[in-house]
Amino acid sequence: MTAREEILGRIRSALSTVDKTETVVSRDYEQTIEGDLVELFAERVADYRATVVRTAADRLPEAIAEQLAHFGISSVVTPADLPAQWVPHADTDAPPLRVPALDATDGVVTACAVGIAETGTIVLDAGAGQGRRALTLVPDFHLCVVRADQIVGTVPEAIARLDGTRPLTWISGPSATSDIELNRVEGVHGPRILVVVIAGAPEEVPQATRMSSISTP
Amino acid sequence: MTGTWLGMPPFPEAARKALGDTQLRTNLRKATGTIRGKRAAVVAERADWEALRVAGKEIKDRTLHNLDTYLEQLERNVTAAGGVVHWARDAAEANRIVIDLVRAADADEVVKVKSMATQEIELNEALAEAGIAAYETDLAELIVQLGHDRPSHILVPAIHRNRAEIRDIFLREMPGVTEALTDDPAELAAAARAHLRRKFLTAKVAVSGANFAVADSGTLVVVESEGNGRMCLTLPEVLISVVGIEKLVPTWQDLEVMLQLLPRSSTGERMNPYTSTWTGVTPGDGPREFHLILLDNGRTDALADDIGRQALRCIRCSACLNVCPVYERTGGHAYGSVYPGPIGAILTPQLRGVTADEVSPTLPFASTLCGACYEVCPVLIDIPQALVHLRAKAVDAKRGKPSAERAAMRVAQWFFGSSRRLRVAQRLVATGGRVLSRRGRIGRLPGPLKGWSGARDTATPPRRTFRTWWESR
Ligand code: SF4
């Protein structure tokens, strides 16, 4: 008998006395939340000690340039399909850069698929403007642009928008560890600096404002 | 290399030794205190927390009650997406499959993402015997591995080490680290980053576990903090994931529950820094080859036990460890298994068999039955009920027949069947026991407890139950 047959057989005999009618899952938890989602998203991302910037959509290239300058990022890579005017001098990942080349690059600028306000999370699904997963992993600096209309309230809303068969990366703040005395320390293997730029409709954001990261001791 | 669990002494003996270690207790008290506070804050933020827990329980029950169907569905979807599915009856079979795959990839080293399943099957030891080096990449696992130590916590395997001890281990074991290294956690993390960077960028094969496997999409999920998981899941050419058969959830939608319950319960965060999901292989993005090893290793035995089965709902958040008064005092090593604390006390004897070794039959007794674990468990595992049930099994196995002790356990089981009944019973005992006692000890008890109390004195139940004291602490 193969291991497969044997394990399935053991399961069937273990469950022989169990009622096989499907257990109904009650989903009485919150599906949506009220309020200013963009504001909440900005606050919650900043809670993870990421840098959050809000800008009008038509000022996006300037906002990106300011952040790159602020963090001293000179070499930048972007996915091949990122709008070229966002980062005019970037290298594009086409043909795909080899890992050592990525490692030698200061930073990466991408778009995202969804932002989740409740948890301060951005989700990348390798779709438009996001590139393959290694791109946002190897460089030490990641700037991610989130359009205000990509922000949903809750995790259930995000799950409903996402396609499970695409490779997804959910990002909540810069890489961190809680392994030393259970205190969160930022900066281990993933990008140590995360900048989230929220691009709103021009009339929503009268001028570029920068929320500095909220730091908790 | 990590020490093995073989030949661990029974819990009481190991616990006595651990209790003498004041550094260990100080480290644990500090760490579990921190995490309890963080968890409580992010749980209090959610008015719908109880509804999430109920949904979490139901999703896992639905999985377990139809496990054969969902495993076959998962296998179909992973295969259709270009992955290869293997089945392993036990640890030896799983280890053999991994070794063969690593050899087929022409590699002599692997990078590893923290995984309970691979610790359970002692994969690192098996790889070492086959001449394959395994590099743990999670910071805490690295601390354990470099310290030639054993893990003592599900989430933070090196929780028993403080920053000064970690600095000493790095100084001793990490090539290139000098006296200039301080015990500042940020500096320690930076040292680990530098140490592992080259390994990540050059490794050909990675081995991981998974937090969840979604049957209806064939998707695997790894929840982590540091980015070492992303490195292992993305950069190597070959990815091998060893996953317990109970890790399934039926639908993609079910993740909306699990991804809320797990981070809040485990690290006390609204969301952990990184969650990766992947389905088979994606051309041009990540590994070229993906192998999923579905592991039984005793799980089907637990599945056959009507009361013990609920332990398979566990999502390894470790909240039950962090609130457990016994764990806080003895530490994780005393449990003689990779699964310490309350969940270990009910999972280990079921996976290994209650009479498998010296430590297993003693584990269900490693508890005060205070019920704190049940109150925090995100998937509502009634650990006290399972403990009492397994105590009866352990006693039966020892005596070879049902005994008075077992009869008493049956009564206790009824009381622990609901936490309200337990509170009432504890208060009853607190009053009733005082009536029976003479000079602070209870002698012979009436009824089914007679055989048990004949041989030993029972301490008079305290005026305050343990549970009310612990809660008020
Ligand atoms: S038993 Fe419950 S609380 Fe304990 S680790 Fe498992 S899921 Fe978490």
Side-chain angles (χ1 to χ4, degrees), chain A residues 2-4 6-8 10-15 18-20 22-30 44 48 96 99-100 103 116 118-121 126 132-134 137 155-156 159-160 164-183 185 187-191, chain B residues 30-31 34-35 48 51-52 54-55 58-59 61-62 65-68 87-89 93 139-140 156 158 162-163 166 185-186 188-189 193 201 214 217 219 225-228 230-231 234-235 252-253 255-256 259-260 267 270-279 282 284-286 296 300 303-304:
Chain A
T2 65
R4 180 183 189 278
E6 195 170 329
I7 293 169
L8 288 172
R10 285 184 200 166
I11 292 170
R12 287 179 189 126
S13 75
L15 295 173
V18 169
D19 178 8
K20 301 283 279 188
E22 293 258 310
T23 314
V24 184
V25 176
S26 40
R27 301 190 188 269
D28 300 331
Y29 45 86
E30 279 165 11
R44 297 267 157 109
Y48 297 122
V99 170
D103 194 32
I116 310 171
E118 221 265 316
T119 59
T121 304
R132 62 198 169 111
R133 286 171 289 170
L137 174 62
V155 173
I159 285 284
T165 61
R166 303 181 69 94
L168 303 184
T169 307
W170 298 47
I171 299 173
S172 307
S175 81
T177 181
S178 303
D179 283 352
I180 301 164
E181 298 175 4
L182 281 170
N183 287 310
V185 179
V188 200
H189 305 295
Chain B
K30 184 155 177 269
T34 307
I35 195 72
D48 58 347
L52 279 167
V54 170
E58 289 167 347
I59 287 167
D61 277 346
R62 185 177 167 201
H65 293 171
N66 304 276
L67 192 55
D68 49 341
W87 301 71
R89 279 165 278 224
E93 191 165 22
L139 180 53
V156 196
N162 64 26
R163 58 184 80 188
I166 295 167
L188 296 171
R193 177 182 166 103
L201 304 187
V214 184
S217 61
T219 307
S225 297
E226 297 170 15
N228 61 312
R230 292 177 69 193
M231 289 278 179
T234 313
L235 296 183
W252 173 250
Q253 193 194 357
L255 286 182
E256 72 186 25
L259 292 182
Q260 298 197 71
T267 45
R270 295 188 185 109
M271 195 58 87
N272 50 290
Y274 299 131
T275 297
S276 296
T277 76
W278 74 98
T279 308
T282 308
D285 188 347
D296 180 348
T300 46
L303 190 68

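Only a predicted model underlies this, so the values are computations on that prediction, with no experimental measurement involved.
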Euclidean distance, [Y] [atom2] relative to [X] [atom1], rounded to 0.5 Å:
X        : Y        : atom1 : atom2 : answer
A:Arg132 : B:Thr282 : CZ    : OG1   : 13.0 Å
A:Asp179 : B:Leu188 : CG    : CG    : 11.5 Å
B:Leu201 : A:Asp103 : CG    : CG    : 5.0 Å

Measure distances from [X] to the heavy atoms of chain A and classify the residue's part below 4.5 Å as side chain, backbone, both or neither.
X        : answer
B:Ser276 : both
B:Ile59  : both
B:Leu139 : both
B:Gln260 : side chain
B:Leu259 : side chain
B:Ala88  : backbone

Tell me, for [X] versus chain B, whether the close heavy atoms (under 4.5 Å) come from the side chain, the backbone, both or neither.
X        : value
A:Ser13  : neither
A:Pro96  : neither
A:Val25  : both
A:Pro191 : both
A:Glu6   : side chain
A:Ala126 : side chain
A:Val188 : both

Ranked by heavy-atom pairs below 4.5 Å to chain A, first place among B:Asn228, B:Ile166, B:Ile35, B:Thr34 goes to B:Asn228
Do you know which of B:Pro185, B:Ala158, B:Ser217 has the most heavy-atom pairs with chain A at a distance under 4.5 angstrom?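 Of B:Pro185, B:Ala158, B:Ser217, B:Pro185 has the most heavy-atom pairs under 4.5 Å with chain A.
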Measure across [X] and [Y] and return the closest heavy-atom pair with its distance rounded to 0.1 Å.
X        : Y        : answer
A:Arg27  : B:Gln253 : CD-NE2, 3.5 Å
B:Val54  : A:Ser26  : CG1-OG, 3.7 Å
A:Ile180 : B:Arg163 : CG2-CB, 3.9 Å
B:Ala186 : A:Val185 : CA-CG1, 3.5 Å
A:Pro174 : B:Pro273 : O-CB, 4.0 Å
B:Ala51  : A:Tyr29  : CB-N, 3.9 Å

Could you go through the side chain to side chain contact (heavy atoms under 4.5 Å, CB included) check for A:Val155 and B:Met271 one step at a time? CA-CA 10 Å; A:Val155 173; B:Met271 195 58 87; 3.8 Å; yes
Walk me through it: do A:Ile171 and B:Arg230 pass the test side chain to side chain contact (heavy atoms under 4.5 Å, CB included)? CA-CA 11 Å; A:Ile171 299 173; B:Arg230 292 177 69 193; 4.3 Å; yes
Positive for side chain to side chain contact (heavy atoms under 4.5 Å, CB included) with A:Leu168, one of B:Thr277, B:Thr219, B:Thr275: B:Thr277
Under 3.5 Å, side chain of [X] to main-chain N/O of [Y], donor-acceptor pair present?
X        : Y        : answer
A:Arg133 : B:Asp285 : yes
B:Tyr274 : A:Thr169 : no
B:Asp68  : A:Leu8   : no

Mind running side chain to side chain contact (heavy atoms under 4.5 Å, CB included) on B:Met231 and A:Leu137 for me, showing each step along the way? CA-CA 7 Å; B:Met231 289 278 179; A:Leu137 174 62; 4.1 Å; yes
Test side chain to side chain contact (heavy atoms under 4.5 Å, CB included) on A:Arg10 and B:Arg89 and set out the steps. CA-CA 10 Å; A:Arg10 285 184 200 166; B:Arg89 279 165 278 224; 3.7 Å; yes
Taking C-beta and beyond as the side chain, do B:Leu303 and A:Leu15 meet within less than 4.5 Å on heavy atoms? yes
